Peer 1: 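Handing you this structure, nothing more for now.
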2 protein chains.
Amino acid sequence: MAGKTMERPDGPEVKLDELLCFGIYAAGHAFNRVYKQLLDDLNVTYPQYLVMVLLWERDDQTVGELGSRLFLESNTLTPLLKRLEALGYIARRRDPSDERQVRISLTEAGAALRAKAATVPACIQAASGLTAAQARQLLSGVTALRAALDSYEPE
Amino acid sequence: MAGKTMERPDGPEVKLDELLCFGIYAAGHAFNRVYKQLLDDLNVTYPQYLVMVLLWERDDQTVGELGSRLFLESNTLTPLLKRLEALGYIARRRDPSDERQVRISLTEAGAALRAKAATVPACIQAASGLTAAQARQLLSGVTALRAALDSYEPE
DNA sequence: TGCGATTAGATCGTGTGCGATATAAATTGG
DNA sequence: CCAATTTATATCGCACACGATCTAATCGCA
């Protein structure tokens with residue numbers, strides 16, 4: 001018998017610091033704050049940087065393609081992309097073969113930004129305090145977690 | 001020689017799916033989406049839920065105490081707390097012994113909410129697809145990461 | 001062929017996060 | 001004891017996220 005004896009005013013005793021969700025949430029903010037310092041030079045925010053990373057990987061993608069990689073919808077991406085366009089880093093134009101789609105492509109300034117951003121990954125790695133192997137392992141854990149959460153449907 | 005031969009248009013070849021920051025970022029959003037379904041019944045958002053968790057841990061804390069636990073400042077917390085107050089879950093009043101501080105306490109409805117939220121942790125655990133041990137291990141990794149990022153200052 | 005259904009983006013409203021700044025209360029050093 | 005500084009919170013502006021809804025273009029199929 002025994003085990004956890006009555007200490008249950010109402011629900012299970014949830015402790016903030018034992019919640020994985022909070023660890024992820026707080027780590028996300030911490031990353032954002034470090035990135036902000038590094039990205040201020042480039043005049044882009046962290047989500048904008050992620051879009052640029054995708055375009056540096058492969059130029060000329062639709063809003064939907066970018067969204068499926070980032071797990072974001074057009075309601076988030078459209079304004080963000082308009083800001084990148086206003087900054088002169090990308091161009092947005094309707095695909096002539098399917099006018100529903102908007103294709104995003106790098107401008108010259110957007111392509112050139114890649115060089116200026118070249119030092120960012122090393123700074124982030126240093127700030128993370130992790131070896132490449134540790135980072136890979138943690139990434140594999142959070143990626144599996146994300147996949148499980150994404151596929152969760154209550155019944 | 002060789003090794004990585006020239007494949008360097010400009011910077012290091014950053015791939016979105018190899019970025020730990022992005023894994024964390026996306027996992028955070030995924031958590032948020034799962035929580036949203038569970039918390040809609042309670043009429044609170046995920047950050048509001050975190051505040052409630054802290055108050056269920058210990059009632060009557062100042063804005064600053066809550067902020068230091070959540071790594072948030074008053075510019076984020078003040079409006080959030082006002083919404084919780086408008087919902088009737090908390091009360092905000094100035095500390096008579098130091099009028100600069102605002103003490104946050106649970107109302108009866110706020111204390112009662114704990115029972116309604118009792119099923120949330122188990123749902124989240126199920127959605128995460130992780131055993132308790134796996135979750136603990138991942139949490140320890142992201143917590144160390146957050147600590148490293150928090151202490152990073154590019155001189 | 002034509003019309004209803006689907007698809008791709010855009011728009012709107014709400015709620016965070018956070019930098020910058022404001023305000024008011026407490027503390028401190030001369 | 002009081003002016004200068006520090007501390008606690010609030011306010012403002014901007015940029016995400018995301019649910020809900022809208023519009024326009026394409027598709028499916030009778």
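Naming convention: chains lettered A, B, ... in sequence-line order (proteins, then strands); numbering from 1 in each chain. Given the structure is predicted, the values throughout are model-derived calculations rather than measurements.
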Peer 1: Would you please indicate if the ring centroids of A:Y46 and A:F31 are separated by under 6.0 Å?
Peer 2: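 Between A:Y46 and A:F31, the centre distance exceeds or equals 6.0 Å.
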Peer 1: Could you give the CZ-to-P distance, from A:F71 to D:dA17, as a whole number of Å?
Peer 2: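 About 14 Å, once rounded to whole Å.
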Peer 1: Of the candidate nucleotides D:dT9, D:dA20, D:dA15, which contains the atom at the shortest distance from the side chain of B:S74?
Peer 2: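 My answer, after comparing the listed nucleotides, is D:dT9.
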Peer 1: Counting only side-chain nitrogens and oxygens, does A:K36 get under 4.0 Å of the OP1 or OP2 atom of D:dC16?
Peer 2: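 A:K36 to D:dC16 OP1/OP2: no side-chain N or O under 4.0 Å.
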Peer 1: Got a second to check how far A:L55's CG is from A:L106's CG, nearest 0.5 Å?
Peer 2: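 A:L55 CG to A:L106 CG: 5.0 Å, rounded to 0.5 Å.
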Peer 1: Are there more than 12 heavy atoms of other residues, nucleotides or ligands under 6.0 Å from atom CD of B:E73?
Peer 2: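 Not buried by this count: 12 neighbours or fewer within 6.0 Å.
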Peer 1: Can you measure from NE2 (B:H29) to CG (B:N32) and round to the nearest 0.5 angstrom?
Peer 2: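 Atom-to-atom, B:H29:NE2 and B:N32:CG are 7.5 Å apart.
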Peer 1: Tell me which of B:N32 and A:G64 sits closer to the 5' end of DNA chain C, going by the nucleotide each one is nearest to.
Peer 2: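 First, find each residue's nearest nucleotide; the 5'-ward one identifies A:G64.
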Peer 1: To the nearest Å, give me how far apart CD1 (B:I104) and C1' (D:dT9) are.
Peer 2: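 Value for this atom pair: 10 Å.
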Peer 1: Want to settle it: does B:E65 or A:T76 sit nearer the 5' end of DNA chain D, counting the closest nucleotide to each?
Peer 2: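 Closest to the 5' end, via its nearest nucleotide, is B:E65.
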Peer 1: At 4.0 Å (heavy atoms only), tell me whether A:L77 reaches a base, stays on the sugar-phosphate, or touches nothing.
Peer 2: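 Since no nucleic acid heavy atom lies under 4.0 Å of A:L77, the category is nothing.
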Peer 1: Separation of B:Y46 atom OH from D:dG19 atom P, in whole Å?
Peer 2: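 Interatomic distance, OH of B:Y46 to P of D:dG19: 17 Å.
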Peer 1: For B:R103, which contact category applies under a 4.0 Å heavy-atom criterion: base, sugar-phosphate, or nothing?
Peer 2: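 Nothing: the residue B:R103, judged by heavy atoms under 4.0 Å, touches no strand.
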Peer 1: Classify A:T45 by what it touches in the nucleic acid, base, sugar-phosphate, or nothing, heavy-atom distance under 4.0 Å.
Peer 2: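 A:T45: backbone/sugar contact only, no base atoms under 4.0 Å.
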Peer 1: Do other residues, nucleotides or ligands put more than 12 heavy atoms under 6.0 Å from the CD atom of A:Q137?
Peer 2: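 No, CD of A:Q137 has 12 or fewer neighbouring heavy atoms, counting only those of other groups under 6.0 Å.
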Peer 1: Which whole-number value in Å describes the distance from B:N75 CG to D:dA15 P?
Peer 2: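 It works out to 16 Å between those atoms.
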Peer 1: Rounded to whole angstrom units, what separation is found between the CG atom of B:L70 and the P atom of D:dT9?
Peer 2: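 That distance rounds to 13 Å.
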Peer 1: Just call it for B:R33: base, sugar-phosphate, or nothing, with non-hydrogen atoms closer than 4.0 Å on any strand.
Peer 2: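 Since only primed, P, OP1 and OP2 atoms lie under 4.0 Å of B:R33, the category is sugar-phosphate.
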Peer 1: If the threshold is 4.0 Å, N to carboxylate O, is there a salt bridge linking A:D17 and A:K15?
Peer 2: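 Salt bridge flag = no for A:K15 with A:D17.
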Peer 1: Given B:K36 and B:D40, is the salt bridge (Lys or Arg N to Asp or Glu O under 4.0 Å) satisfied, shown in steps?
Peer 2: CA-CA 6 Å; B:K36 187 160 314 199; B:D40 269 355; over 6 Å; no
Peer 1: What is the distance, to the nearest angstrom, from the CZ atom on A:R83 to the C1' atom on D:dG13?
Peer 2: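 Taking atom C1' of D:dG13 as the reference, CZ of A:R83 is at 12 Å.
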Peer 1: With a 4.0 angstrom cut-off to heavy atoms of chain B, pull out the first and last contacting nucleotide of DNA chain C, in 5'-to-3' order.
Peer 2: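 Nucleotide range with atoms under 4.0 Å of chain B: C:dG15 to C:dA26.
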Peer 1: Find the distance A:L80:CG to D:dC14:C1' and express it as a whole number of Å.
Peer 2: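 Going from CG in A:L80 over to C1' in D:dC14 covers 13 Å.
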Peer 1: Base, sugar-phosphate, or nothing: which does B:E73 touch, judged by heavy atoms less than 4.0 Å apart?
Peer 2: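 Result for B:E73 = nothing.
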Peer 1: Look at the rings of A:Y49 and A:Y35 and say which category their plane angle falls in: under 30° parallel, 30 to 60° tilted, over 60° perpendicular.
Peer 2: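 Taking A:Y35 first and then A:Y49, their aromatic rings sit tilted (interplane angle of 30° to 60°).
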Peer 1: Give, for atom CZ of B:R103 and atom CZ of B:R94, the distance between the pair rounded to the nearest 0.5 Å.
Peer 2: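 With rounding to 0.5 Å, CZ (B:R103) is 12.5 Å from CZ (B:R94).
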Peer 1: To the nearest 0.5 Å, tell me how far A:T119 OG1 sits from A:L38 CG.
Peer 2: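 Between atom OG1 of A:T119 and atom CG of A:L38 there are 7.0 Å.
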Peer 1: What is the distance, to the nearest angstrom, from the CG atom on B:L81 to the P atom on D:dA10?
Peer 2: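 Those two atoms, CG and P, are 8 Å apart.
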Peer 1: Quick one, B:I24 and B:L145 - any side-chain contact, counting heavy atoms below 4.5 Å?
Peer 2: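 With C-beta onward as the side chain, the pair touches.
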Peer 1: Rounded to the nearest 0.5 Å, how far apart are CG of A:L139 and CG of A:L130?
Peer 2: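 That separation rounds to 11.0 Å.
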Peer 1: What parts of residues 18-29 of chain B reach DNA chain C, counting only heavy atoms under 4.0 Å away?
Peer 2: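 Within this stretch, nothing sits under 4.0 Å of the strand.
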Peer 1: Which atoms of nucleotides 24-27 of chain D (N or O only) lie under 3.5 Å from a protein N or O atom, and what are those distances?
Peer 2:
from   : atom 1 : to    : atom 2 : distance (Å)
D:dT26 : OP1    : A:E99 : N      : 3.1

